[in-house]
Amino acid sequence: MSDPQTATATRYRGRFAPSPTGPLHFGSLVAAVGSYLDARANDGEWLVRIEDVDVPRTMPGAADGILRTLEGFGFEWDGEVVFQSRRLDCYHAALVHLQLAGLAYPCSCSRSEIAASATRRSVDGGLLYPGSCRAGLRDGAAARAWRLRVPDREFVFQDRIQGESRQNLERDVGDFVLLRADGQYAYQTAVVVDDAAQGVNSVVRGIDLLDSTARQVWLLQCLGLPAPRYAHLPVAVNPAGEKLSKQMRAPAVGPAQGVGMLARVLRFLGQPVPEGMEKMPLADFWRWAIGAWRLSCVPAVRAILAER
Ligand code: GLU
């Protein structure tokens, strides 16, 4: 018999963490379905967290719209929905921890100063911060942002879908921002603090976040927190190869599209969907989909063309 305490401690806990910058679109529905089915198929919990830490990008009413859409599609989450905008104290505590440990340092560089001093590009396509303030602020310079020191070593991790992934943070990313010059906590800070605080041990999300994973693993190490397992799903692209994202005004998805839309997501994720599934009542569909879910069928590719 398994010890009930150990069984509780190791129970699968996944999550879906949308940014409320617009309505749910096909790409975010893929992340919701993938994370939900993987959690439920492993008899685990599934949490929903609204990542509204980036206030300027948050659209009023979008969080409500996303939650209603999830409900309409028949998703059932565990516990209360967590809003990052209500957890700023926790991010502050993490930053203080890193400051005291000498791992976070203040940076006075403006965008134009970085543009003038950077010599390389980061994996995100932006300029790689060259570490100008690493050894301390210039005399008279004021701190604008706080950055995390990154090591010059390769992070190697096994993604459950994409296989082995490697990244050298110093070479590919540079010391990254924890607290932005506009006073907002960065996505990396908030996501790591929340995943750990919520006991999330399995992250399933879009592959556009694969390049953030080494940053998050390093940040967790700096905070003395355990890292979850990661699985990165392919993203949906249009025929021009562009990611279907809110910024590109990808069309909203909604429960009126019914089980047919969920079946489309499953086919996108490489799951065999028998004929006639589209006509099933929602509850039956989910029961079937949880039983039929195979993470191993998800294609280990970065992008898949979305059906029109
Ligand atoms: N909030 C992020 C997004 O909507 C997802 C973060 C994550 O899953 O780690 O792209």
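The basis for the numbers below is simple: all heavy atoms, side chains too, and nothing from hydrogens, waters or symmetry mates.
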(message) Within the 4.5 Å heavy-atom criterion, are Leu37 and Trp46 side-chain neighbours or not?
(response) no
(message) Nearest 0.5 angstrom please: Thr213 OG1 to Phe155 CZ, how far?
(response) 11.5 Å
(message) Which residues pass the side chain to side chain contact (heavy atoms under 4.5 Å, CB included) test with Ala104, not counting sequence neighbours?
(response) Leu95, Leu98, Gln99, Trp146, Leu178
(message) Aromatic contact between Trp286 and Tyr36, with the criterion being ring centroids under 6.0 Å apart: yes or no?
(response) yes
(message) Any heavy-atom pair between the side chains of Leu262 and Leu266 that's under 4.5 Å?
(response) no
(request) With sequence neighbours left out, write down each residue that passes side chain to side chain contact (heavy atoms under 4.5 Å, CB included) with Ile50, or none if nothing qualifies. (result) Pro18, Pro20, Asp52, Ala63, Leu67, Val81, Phe83
(request) Can you measure from NZ (Lys243) to CD1 (Ile207) and round to the nearest 0.5 angstrom? (result) 11.5 Å
(request) Would you check if there is a donor-acceptor pair between the side chains of Thr189 and Arg180 at a distance under 3.5 Å? (result) no
(request) To the nearest 0.5 angstrom, please state how far the SG atom of Cys109 sits from the CZ atom of Arg147. (result) 7.0 Å
(message) Tell me the closest heavy-atom pair linking Gly131 and Asp175, and the distance in Å.
(response) CA-OD2, 4.5 Å
(message) Quick one, Val173 and Val150 - any side-chain contact, counting heavy atoms below 4.5 Å?
(response) no
(message) How close do Gln188 and Ser212 get, counting heavy atoms only, and between which atoms?
(response) NE2-OG, 3.1 Å
(request) State which residue, out of Leu209, Val217, Ile161, fulfils the side-chain contact (heavy atoms from CB on, under 4.5 Å) condition with Tyr230. (result) Val217
(message) Parallel, tilted or perpendicular: which one describes the rings of Phe26 and Phe268, with boundaries at 30° and 60°?
(response) perpendicular
(request) Over all heavy atoms of both residues, which pair between Leu103 and Cys222 is shortest? Give the atoms and the distance, please. (result) CD1-CB, 3.8 Å
(request) Test side-chain contact (heavy atoms from CB on, under 4.5 Å) on Leu233 and Leu269 and set out the steps. (result) CA-CA 8 Å; Leu233 306 167; Leu269 290 172; 3.9 Å; yes
(request) Carefully, step by step, assess Gln84 and Asp54 under the rule side-chain contact (heavy atoms from CB on, under 4.5 Å). (result) CA-CA 9 Å; Gln84 290 192 324; Asp54 188 344; over 6 Å; no
(message) If you define the side chain from C-beta out and look only at heavy atoms, does anything of Gln167 sit under 4.5 Å from Phe157?
(response) no
(request) Measure the shortest side-chain to side-chain distance between Tyr185 and Val193 over non-hydrogen atoms and say whether it is less than 4.5 angstrom. (result) no
(request) For residues Val53 and Gln184, report the shortest heavy-atom separation together with the two atoms involved. (result) O-OE1, 2.9 Å
(message) Quick check for you: to the nearest 0.5 Å, what is the distance between Asn201 atom CG and Thr10 atom OG1?
(response) 8.0 Å
(message) Side chains of Arg15 and Gln198 only: does a donor on one sit below 3.5 Å from an acceptor on the other?
(response) no
(request) Answer whether the closest heavy-atom distance between the side chains of Arg229 and Tyr12 falls below 4.5 Å. (result) yes
(message) Parallel, tilted or perpendicular, judged at 30° and 60°: which one describes the rings of Phe75 and Phe73?
(response) perpendicular
(request) Any chance you could lay out the salt bridge (Lys or Arg N to Asp or Glu O under 4.0 Å) test for Arg144 and Glu113, step after step, and finish with the verdict? (result) CA-CA 12 Å; Arg144 288 165 50 88; Glu113 282 169 328; 6.0 Å; no
(request) Please confirm whether Arg287 makes a cation-pi placement over Phe285, using NZ or CZ under 6.0 Å from the six-membered ring centre and within 45° of the ring normal. (result) no
(message) Could you see if Phe176 belongs to whatever hydrophobic cluster contains Leu127? Use Ile, Leu, Val, Met, Phe, Trp, Tyr and a side-chain cutoff under 4.5 Å.
(response) no
(message) Quick check on the hydrophobic clustering: are Val298 and Val301 connected, directly or via other members, by side-chain heavy-atom contacts under 4.5 Å?
(response) yes
(request) Starting at CZ of Arg13, measure out to CG of Asn42 and round the result to the nearest 0.5 Å. (result) 14.5 Å
(request) Check whether more than 12 heavy atoms from other residues, nucleotides or ligands sit under 6.0 Å from atom CD of Glu164, and answer yes or no. (result) yes
(request) Return the minimal non-hydrogen interatomic distance between Pro274 and Trp288, and the atom names on each side. (result) CD-CZ2, 3.3 Å
(message) I'd like to know if the side chain of Asp38 reaches the main chain of Gly34, judged simply by a donor and an acceptor atom lying under 3.5 Å from each other, with no hydrogens or angles considered.
(response) no
(request) Might you point out which heavy atoms bring Ser117 and Pro130 nearest each other, and give the distance in Å? (result) OG-CG, 3.5 Å
(message) Test of understanding: clusters of I, L, V, M, F, W, Y form through side-chain heavy atoms closer than 4.5 Å, transitively. Do Ile290 and Val265 belong to the same one?
(response) yes
(message) Which residues end up grouped with Val96 if you chain together Ile, Leu, Val, Met, Phe, Trp and Tyr wherever their side-chain heavy atoms are less than 4.5 Å apart?
(response) Leu100
(request) Cation-pi check, Arg215 to Tyr187: give yes when NZ or CZ is under 6.0 Å from the six-membered ring centre and within 45° of the ring axis, no otherwise. (result) no
(request) Begin with the C-alpha distance, continue with both residues' side-chain angles, and end with the deciding distance and a verdict on salt bridge (Lys or Arg N to Asp or Glu O under 4.0 Å) for Asp78 and Arg40. (result) CA-CA 11 Å; Asp78 293 291; Arg40 294 299 189 228; 2.9 Å; yes
(message) Under 3.5 Å, is there a donor on one side chain and an acceptor on the other for Ser19 and Thr21?
(response) no
(message) Quick one, Pro226 and Leu220 - any side-chain contact, counting heavy atoms below 4.5 Å?
(response) no
(message) With a 3.5 Å distance limit and no angle check, can you tell me whether Trp77 reaches the backbone of Arg49 through a side-chain donor-acceptor pair?
(response) no
(request) Check the pair Arg134, Glu170 against salt bridge (Lys or Arg N to Asp or Glu O under 4.0 Å), reporting the backbone distance first and the verdict last. (result) CA-CA 12 Å; Arg134 231 182 189 200; Glu170 158 98 2; 3.6 Å; yes
(message) With rounding to the nearest 0.5 angstrom, report the CD to OG distance, Gln271 to Ser296.
(response) 8.0 Å
(request) Answer yes if Val203 and Val156 sit in the same cluster of Ile, Leu, Val, Met, Phe, Trp and Tyr residues linked by side chain heavy atoms under 4.5 Å apart, and no otherwise. (result) no
(message) Can you confirm whether more than 12 heavy atoms, excluding those of His97, are under 6.0 Å from its NE2 atom?
(response) yes
(message) By the definition side-chain contact (heavy atoms from CB on, under 4.5 Å), identify the one residue from Arg121, Arg171, Arg120 that meets it with Leu128.
(response) Arg120
(message) Is any side-chain heavy atom of Ser165 closer than 4.5 Å to one of His232?
(response) no
(request) Give the cluster check for Val200 versus Phe16: same hydrophobic cluster or not, with ILVMFWY residues linked at side-chain heavy-atom distances below 4.5 Å. (result) no
